[in-house]
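Single-structure report; data block below.
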Amino acid sequence: MQLSEQELIRRETLTELKKLGIEPYPAEEYEVNVKTSDIHQHFPEDKTLYQDISIAGRIMGRRIMGAAAFIELQDSVGRIQLYFKRDDICPGEDKTMYNTVFKRFLDIGDIIGVKGFVFITQMGEITIHVREYRLLCKSLRPLPIVKEKDDKTYDAFTDPEMRYRQRYVDLIVNPQVRDIFIKRTRMVNSMREYLNVRGYLEVETPILQPLYGGAAARPFKTHHNTLDMTLYLRIANELYLKRLIVGGFDGVYEFSKDFRNEGMSRFHNPEFTQVELYVAYKDYEWMMNLVEEMVEKVAMDIHGTTKVQVGDNIIDFQRPWKRFTMFEAIEHFTGIDISEMDEVALRNTAKSVHIELDETMGKGKIIDEIFGAKCEALLIQPTFITDYPVEMSPLAKKHRSKEGLVERFEAICNGKEICNSFSELNDPIDQRERFMSQLELGKRGDEESMVLDEDFLRALEYGMPPTAGLGIGIDRLAMVMTNSPSIQEVLFFPQMRPEKKAIISKDEEFVELGIPVVWVPILRQMGINTIEELQKKSAGQIFNQLGGLRKKNKLDTPMPSQDDVKHWLGQE
RNA sequence: GACUAAGUAGCUCAGUAGGUAGAGCACAUCCCUUUUAAGGAUGGGGUCCUGGGUUCGAAUCCCAGCUUGGUCACCA
């Protein structure tokens with residue numbers, strides 16, 4: 001691998017440190033007895049505090065002025081300034097630890113531990129006066145340098161490709177990124193706490209499933225060698241959680257990583273997280289109240305208020321949320337009442353509002369299309385949409401009073417679905433029929449239709465109590481709660497195309513061809529990194545370029561002859 | 001998958017009637033004992049994403065590809 005000048009210098013520094021007997025990667029524990037945030041919080045009130053502290057972190061900035069220097073130290077919660085004074089670090093005659101090790105061998109990115117006391121500089125900055133320091137880890141790669149003044153950021157590290165591929169760098173230099181992930185975890189903790197207080201049992205169900213079910217999506221497929229069988233990564237865990245309700249639990253939930261082998265976008269990652277919850281003897285009306293209450297609590301726990309800024313909108317999660325049936329929502333946004341329409345009328349209606357349909361779409365699908373095109377994006381404040389067409393919901397119970405509909409709701413917020421819930425279908429005969437009609441869709445080429453799960457049907461035949469089920473998209477909710485415009489911002493390691501690795505031949509391989517070592521870097525300078533690339537060139541071209549670069553680099557080495565070059569290329 | 005924008009130094013970015021590649025930060029060597037996106041002096045650092053083409057000459061124009069972003073499609 002080609003190292004940049006700065007990387008080479010840091011590797012040399014490493015060698016120099018070892019020569020001085022300084023271990024750049026020490027093994028022993030470094031005692032840390034305070035965090036930067038503690039000092040910033042308590043020192044201003046009581047100046048007698050923190051007079052003998054030990055703290056560790058990463059060097060994020062250096063300002064060196066002769067015999068004194070200031071360092072920006074960053075730990076897991078923030079930053080603090082360090083003050084180094086030569087005669088404090090090196091009280092005796094030997095000033096190596098300051099002049100050489102500190103000033104020359106420490107870089108931005110290195111991790112150090114320091115002991116000292118806190119004071120306030122003339123500029124009013126809370127600062128640690130360092131009495132002694134210890135190198136804890138030498139960093140070999142230069143970090144992007146982000147600077148700030150008066151809330152203005154200079155040279156921000158923003159390239160999305162690098163931020164996502166090298167999330168560790170993103171986390172080091174962009175503190176707001178760390179905040180997003182802390183909020184995400186607090187969000188999950190808040191929900192878990194809510195569910196635990198109510199006595200629901202957190203469970204784990206298989207990720208590797210012999211049949212994929214519980215949603216309509218294409219799966220990832222894999223293979224188990226010993227059993228010699230196909231397994232799928234789950235697209236949902238719904239059918240397993242319902243089996244547990246059959247087994248007698250009153251309420252079960254799981255934060256579940258699910259996998260869908262489909263397109264990627266600002267809102268879709270191949271693996272994503274949902275929490276699914278099933279509660280026996282409840283229905284979807286009851287579940288709506290739970291969702292309102294839980295999400296309101298989440299907003300309060302994260303922000304201390306129910307109002308959350310998302311893009312240009314302020315979204316208020318305070319209960320109660322607006323509720324629309326799907327028909328009401330469509331009428332509200334289009335002025336058209338479709339509740340009594342047959343398929344022909346629906347088709348004409350869709351056409352009149354410029355929605356493209358294809359022939360395979362049935363009544364339910366057309367209604368869903370109209371809703372998706374005309375309503376969803378306009379629902380900014382949290383809103384429940386209820387009573388969906390039965391065709392779209394093969395696992396939901398038929399509506400108690402409305403023909404052709406199911407007892408299902410989604411919560412829409414900022415124009416996107418954040419949860420999906422229904423009164424679960426527990427009639428095994430009806431469930432089998434629904435699966436059968438899904439199979440029909442599959443035969444017609446719908447790759448996302450559901451497959452028949454005989455074991456699940458067997459469980460339903462033993463009897464599942466009336467149950468309310470819920471799925472909340474954790475990533476989507478995290479996007480809303482952290483005001484993040486894309487799902488990649490709320491996933492530590494979003495899926496990316498593989499990084500292409502430059503293939504580079506080793507120096508020795510060039511030398512083996514008879515090329516003197518001094519010329520190898522020159523060849524690399526010409527853009528030739530592999531033997532293959534070299535052998536594609538013509539000897540004359542190489543010879544000419546060598547001459548040019550020899551002059552440019554002011555090399556004393558005598559030029560090889562054109563025959564030598566031919567020999568290197570094996571072109572004799 | 002379609003359309004579109006971008007890809008230049010470690011980082012952020014300039015750079016057209018095609019004509020020797022620039023700045024700030026970072027880095028190196030100095031100066032400076034409480035500074036703060038420190039300052040000053042000097043210096044090093046670039047297959048201008050890759051491959052073709054046009055041209056005497058391409059970072060720049062054309063074509064193809066790669067990667068990333070955006071929009072749409074797909075994702076009930």
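Naming convention: chains lettered A, B, ... in sequence-line order (proteins, then strands); numbering from 1 in each chain.
- A distance of 6.0 Å or more separates the ring centres of A:Phe70 and A:Phe84.
- In this structure, A:Arg408 forms a cation-pi arrangement with A:Tyr388, its terminal cationic atom sitting closer than 6.0 Å to the ring centre and no more than 45° off the ring axis.
- In this structure, A:Glu12 reaches neither bases nor backbone, as no heavy-atom distance under 4.0 Å exists between it and the strands shown.
- Residue A:Arg63 has no polar side-chain atom (N or O) positioned under 4.0 Å from OP1 or OP2 of B:U36.
- For the C1' atoms, the distance linking B:U29 with B:G45 amounts to 15 Å, nearest Å.
- Between A:Met264 atom CE and B:U68 atom P the separation is 8 Å, expressed in whole Å.
- Comparing the C1' positions of B:G65 and B:C72 gives an interatomic distance of 23 Å, to the nearest angstrom.
- Per the geometry, CG belonging to A:Leu140 stands 14 Å off C1' belonging to B:G10, to the nearest Å.
- Of the nucleotides present, B:A64 is the one that pairs with B:U50 by Watson-Crick or G-U wobble criteria, both distances under 3.5 Å.
- If you measure from atom CG of A:Asn99 to atom C1' of B:U33, you get 13 Å, rounded to the nearest angstrom.
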For salt bridge (Lys or Arg N to Asp or Glu O under 4.0 Å), just list the numbers for A:Asp430 and A:Lys398, CA-CA rounded to whole Å, side-chain angles, deciding distance to a tenth of an Å, and then say yes or no. CA-CA 9 Å; A:Asp430 188 1; A:Lys398 280 178 182 150; 3.7 Å; yes

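- Here the separation of B:G53 from B:A58, taken at their P atoms, is 11 Å to the nearest Å.
- Nucleic acid contact class of A:Asn420 (heavy atoms, under 4.0 Å, all strands): none.
- Of the candidates B:C11, B:U67, B:U33, the closest approach to any side-chain atom of A:Pro144 belongs to B:C11.
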Can you give one letter per nucleotide of nucleotides 25-32 of chain B, going 5' to 3': B for a protein heavy atom under 4.0 Å from the base, S for sugar-phosphate only, - for none? SBSSS--B

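- Spacing between B:C56 and B:G69 at atom P, rounded to whole Å, works out to 41 Å.
- Among A:Lys397, A:His399, A:Glu424, the single residue meeting the side chain to side chain contact (heavy atoms under 4.5 Å, CB included) criterion with A:Tyr284 is A:His399.
- Nucleic acid contact for A:Gln122: base, since at least one base atom lies under 4.0 Å from a heavy atom of the residue.
- Across the strands present, B:G70 finds its partner in B:C3; the criterion is a Watson-Crick or G-U wobble pair with both atom distances under 3.5 angstrom.
- Listed pair A:Arg163 / B:U68 fails the phosphate criterion, with no side-chain N or O lying under 4.0 Å from OP1 or OP2.
- Checking B:C11, B:U34, B:G69 against every side-chain atom of A:Met162, the shortest atom distance belongs to B:C11.
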Let's go through A:Met436 and A:Leu452 carefully: what are the C-alpha distance in whole Å and the side-chain angles of both, what is the deciding distance for side-chain contact (heavy atoms from CB on, under 4.5 Å) to 0.1 Å, and is it a yes or a no? CA-CA 7 Å; A:Met436 294 313 283; A:Leu452 186 93; 4.1 Å; yes

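- If you check every strand for non-hydrogen atoms under 4.0 Å, A:Ala156 touches sugar and phosphate atoms only.
- Residue A:Tyr388 is classed as having no contact, given no heavy-atom separation below 4.0 Å to the nucleic acid.
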After noting the C-alpha distance and the side-chain angles of A:Ile235 and A:Asp258, does the key distance pass the side-chain contact (heavy atoms from CB on, under 4.5 Å) rule? CA-CA 5 Å; A:Ile235 57 174; A:Asp258 294 340; 5.7 Å; no

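- At B:U33, none of the side-chain N or O atoms of A:Arg86 fall inside 4.0 Å of OP1 or OP2 (strictly under the cut-off).
- Across the C1' atoms, B:U33 and B:G39 are found 15 Å apart, a figure rounded to whole Å.
- On the C1' atoms, B:G44 is 27 Å away from B:U36, given to the nearest whole Å.
- Ion pair A:Glu7/A:Arg10 not flagged as a salt bridge, since none of the NZ, NE, NH1 or NH2 atoms sits closer than 4.0 Å to an Asp/Glu carboxylate oxygen.
- Counted by atom type alone, A:Arg11 and A:Gln6 present zero donor-acceptor pairs between their side chains at under 3.5 Å.
- Using a 4.0 Å heavy-atom criterion, one finds that A:Arg266 contacts the sugar-phosphate atoms exclusively.
- Within 4.0 Å of A:Gln81, counting heavy atoms only, lies at least one base atom of the nucleic acid.
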